[in-house]
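These notes are about the structure you will find just below.
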Amino acid sequence: MALEARYAARLDWPVERIVESLAALLTVRRRLLARRRITFLDTSDGRVGRAGACLTLTADAGGRRIQWRQGGMRVGCAVSGAVQFAWDLPPGSVRQRIEPIIGARPLLPLAEAEQDGVQLDVLDEARKVIARLDIVAGRARLPKRRSSWQSLQPLLTLNALRGYDEQCAGPIAIIESRPGIGRSELALQGHVLRTIGASLPQDMSAYRVELEPAVRADIGLLRMHRELFRIIVANHPGVLAGLDSECLHAFRVAVRRCHTLLEQVQGGLPQAEVDRFKTEFAWLGRITGPARDLDVLLHGLRSPSKALNEDQRRLILAQLEQERARAQQALVEPLTSERYRQWADRWAAFLSEEPCMRPGVGCDALPLMTVVSQSGWSLYRRTLSGTEHVRDDTPAHELHRIRVDARQLRYLIDTTANLHDAEDVATIQRALGRLQAVLGEFNDACVQASWLRRYATTLNETGRDATSMRHAAEALAGLADRRAQALRKPANQQLLLFGEAATRVAFERVFHMEHLTELVQ
């Protein structure tokens with residue numbers, strides 16, 4: 001990786017003054033850098049920034065270009081239309097870099113900047129180019145039309161050509177000798193965000209709860225539910241807007257984690273309240289399911305398929321997007337209803353109550369570790385029993401039941417992870433992750449095949465488009481069937497691996513089976 005050195009100059013120094021100061025001491029060739037508009041992009045949860053990357057959309061007289069920069073690696077490509085999702089990019093290296101990181105999340109503007117300046121080719125004694133020095137100035141603002149522009153410090157970036165790092169020591173010393181110019185750890189994006197008073201977005205859906213091993217069950221459960229409710233509240237506006245499918249996913253995961261804790265961890269909270277709120281969480285899971293199923297189906301169909309020509313793919317994607325829009329309308333109504341508001345108010349009030357701190361009678365006075373261990377071991381045994389009875393002809397709905405049990409077990413482990421040994425948790429999470437992945441893919445394929453066949457039967461009208469869409473839906477359904485069938489073998493393999501000794505030992509240690517045995521005796 002070639003050397004890069006970054007500097008910032010005094011705000012009141014024009015670019016030409018800096019150029020003249022350096023050109024008097026270096027052998028250079030000058031080139032004007034045309035004015036350009038730069039939009040910095042990231043997802044709402046900061047996935048680009050967390051990957052240590054920077055994503056920009058640049059517009060100048062030559063057109064629009066998107067660039068991905070990660071460490072010393074840069075890849076870019078020209079774009080013509082709007083770029084909101086990874087699938088809006090043309091196939092190639094940029095999309096290959098971005099898609100695994102942002103998934104289905106939309107790209108949002110973080111900031112805008114305009115800049116121009118001068119590029120200096122830095123020459124050695126033989127007049128060979130050893131480095132390029134960009135000296136730019138400009139302005140920046142928040143990505144809102146009426147935001148005011150703020151002046152940026154002049155920025156200097158020296159990039160050594162490959163193999164010339166050592167020869168750049170002299171030019172670097174000269175740059176650093178100039179008054180009013182200092183080293184900077186920040187790249188352009190960092191300067192822009194600092195200037196406009198913004199920061200990289202954070203993941204508001206990450207679950208963060210620290211629990212002490214001896215914490216009482218009721219106190220620990222309330223802490224966990226408060227954090228999950230925070231995630232629900234944080235994602236609710238995004239679910240209503242319908243622009244980011246991951247908001248709905250995070251909302252549903254938090255809802256299901258709450259439901260799992262209420263259903264599986266018995267005795268830690270008042271049973272009457274548990275029963276009442278379990279009903280409401282089950283309702284939230286039901287009403288958000290159809291939209292999420294369509295999100296998964298759409299995501300699976302975004303990539304070109306050999307089973308379809310491009311026209312068929314575009315037609316069925318357009319139809320599915322219309323179905324998703326209708327599902328969104330059907331989702332907004334209950335999530336803005338009086339029932340939802342009353343549930344949120346009652347749940348918030350329940351979570352705000354502090355448990356009685358004097359020792360109680362019953363499970364609420366037991367350590368959270370004990371209550372979770374009792375519930376978790378029972379759920380683990382049920383999941384294991386299900387995996388042991390699977391055959392090649394086991395119906396899909398039975399595999400789905402195992403998947404649900406494994407998912408609940410994973411939620412129980414994830415929400416109490418810091419109570420347990422990190423290595424045991426990692427062993428369990430790997431085993432559950434592999435099991436959930438293959439069963440999830442199998443279930444998605446079955447759901448897709450079923451949905452597509454139902455959709456094909458609704459296309460009774462005649463015409464070239466209707467016929468083409470019906471053929472496309474039937475072709476995709478057949479493809480989903482074949483994918484489900486192909487997943488049977490790896491699913492069975494993961495089901496067998498779930499019962500291996502190392503995983504069982506990790507579960508025994510995490511759920512403290514020796515301690516539970518003493519309690520029973």
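Source: prediction; values computed, not measured. Residue indices begin at 1 and follow the sequence shown.
- Using a cut-off of 4.0 Å between Lys/Arg side-chain N and Asp/Glu carboxylate O, D481 and R453 are scored as salt-bridged.
- For E333, the CD atom is loosely surrounded, since the number of other residues' heavy atoms within 6.0 Å does not exceed 12.
- Pairing each heavy atom of R292 with each of H249, the nearest pair is NH2-ND1, 3.4 Å.
- At least one side-chain heavy atom of L261 sits less than 4.5 Å from a side-chain heavy atom of L412.
- Partners of R407 by side-chain hydrogen bond (donor to acceptor under 3.5 Å, both in side chains), not counting sequence neighbours: none found.
- The SG atom of C258 sits 10.0 Å away from atom CE of M224, with the distance rounded to the nearest 0.5 Å.
- Q448 and R483 share a donor-acceptor pair across their side chains, judged by distance under 3.5 Å alone.
- The local environment of CD in E423 is sparse, with at most 12 non-hydrogen atoms from other residues, nucleotides or ligands closer than 6.0 Å.
- With contacts defined as side-chain heavy-atom distances shorter than 4.5 Å, the pair C54/F40 qualifies.
- For R326 and E323, the salt-bridge test passes: some basic side-chain N is under 4.0 Å from an acidic carboxylate O.
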Worked verdict on F277 versus F350 for ring pair (Phe, Tyr, Trp, His ring centres under 6.0 Å): CA-CA 10 Å; F277 286 119; F350 174 70; 5.6 Å; yes

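- By the side-chain hydrogen bond (donor to acceptor under 3.5 Å, both in side chains) test, R65 is found to be paired with no residue, residues two or more places apart in sequence or in another chain being considered.
- A heavy-atom distance below 4.5 Å is found between the side chains of L495 and L399.
- The pair R37-E112 counts as a salt bridge, with a side-chain nitrogen and a carboxylate oxygen less than 4.0 angstrom apart.
- Between R382 atom CZ and I402 atom CD1 the span is 11.5 Å, to the nearest 0.5 Å.
- Ionic pairing of R391 and E398 is not present here: no N-O contact between side-chain nitrogen and carboxylate oxygen is shorter than 4.0 angstrom.
- Annotation: the span from L284 atom CG to W343 atom CH2 amounts to 5.5 Å, rounded to 0.5 Å.
- With W68 as the partner, the side chain to side chain contact (heavy atoms under 4.5 Å, CB included) test is satisfied by one option alone out of Q96, R95, R97: R97.
- E263 places no side-chain N or O within 3.5 Å of a backbone atom of K278 that could act as its donor or acceptor partner.
- Salt-bridge formation is not detected for the pair E210/R223: no Lys NZ or Arg NE/NH1/NH2 atom is positioned less than 4.0 Å from an Asp or Glu carboxylate oxygen.
- Ring pair H420/F511 is perpendicular by interplanar angle, where above 60° counts as perpendicular and below 30° as parallel.
- The side chain to side chain contact (heavy atoms under 4.5 Å, CB included) test with L107 is passed by exactly one of T39, L57, D88, L55: L55.
- Side chains of E246 and N235: no donor on one and acceptor on the other come within 3.5 Å.
- Exactly one residue among L368, V372, I219 makes a side chain to side chain contact (heavy atoms under 4.5 Å, CB included) with L211. That residue is L368.
- Between R488 and D392 no salt bridge is recorded (no basic side-chain N to carboxylate O distance below 4.0 Å).
- Comment: R509 does not engage D421 in a salt bridge, judged by the lack of any side-chain N to carboxylate O separation of less than 4.0 angstrom.
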V239 and T288: CA distance, side-chain angles, deciding distance, side chain to side chain contact (heavy atoms under 4.5 Å, CB included) verdict: CA-CA 9 Å; V239 175; T288 54; 5.6 Å; no

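- Counting only N and O atoms by type, the side chains of R257 and T415 include no donor and acceptor under 3.5 Å apart.
- Formation of a donor-acceptor pair under 3.5 Å by the R256 side chain with backbone atoms of Y411 is not found in this model.
- A side chain to side chain contact (heavy atoms under 4.5 Å, CB included) with I66 holds for exactly one of T58, V83, T56; it is V83.
- Ion pairing between D42 and R47 fails under the 4.0 Å rule for side-chain N and carboxylate O.
- Between R504 and E508 there is a salt bridge, with a side-chain nitrogen of the basic residue lying less than 4.0 Å from a carboxylate oxygen of the acidic one.
- Panel note: side chain T43, backbone I102; no donor-acceptor pair is recorded below 3.5 Å.
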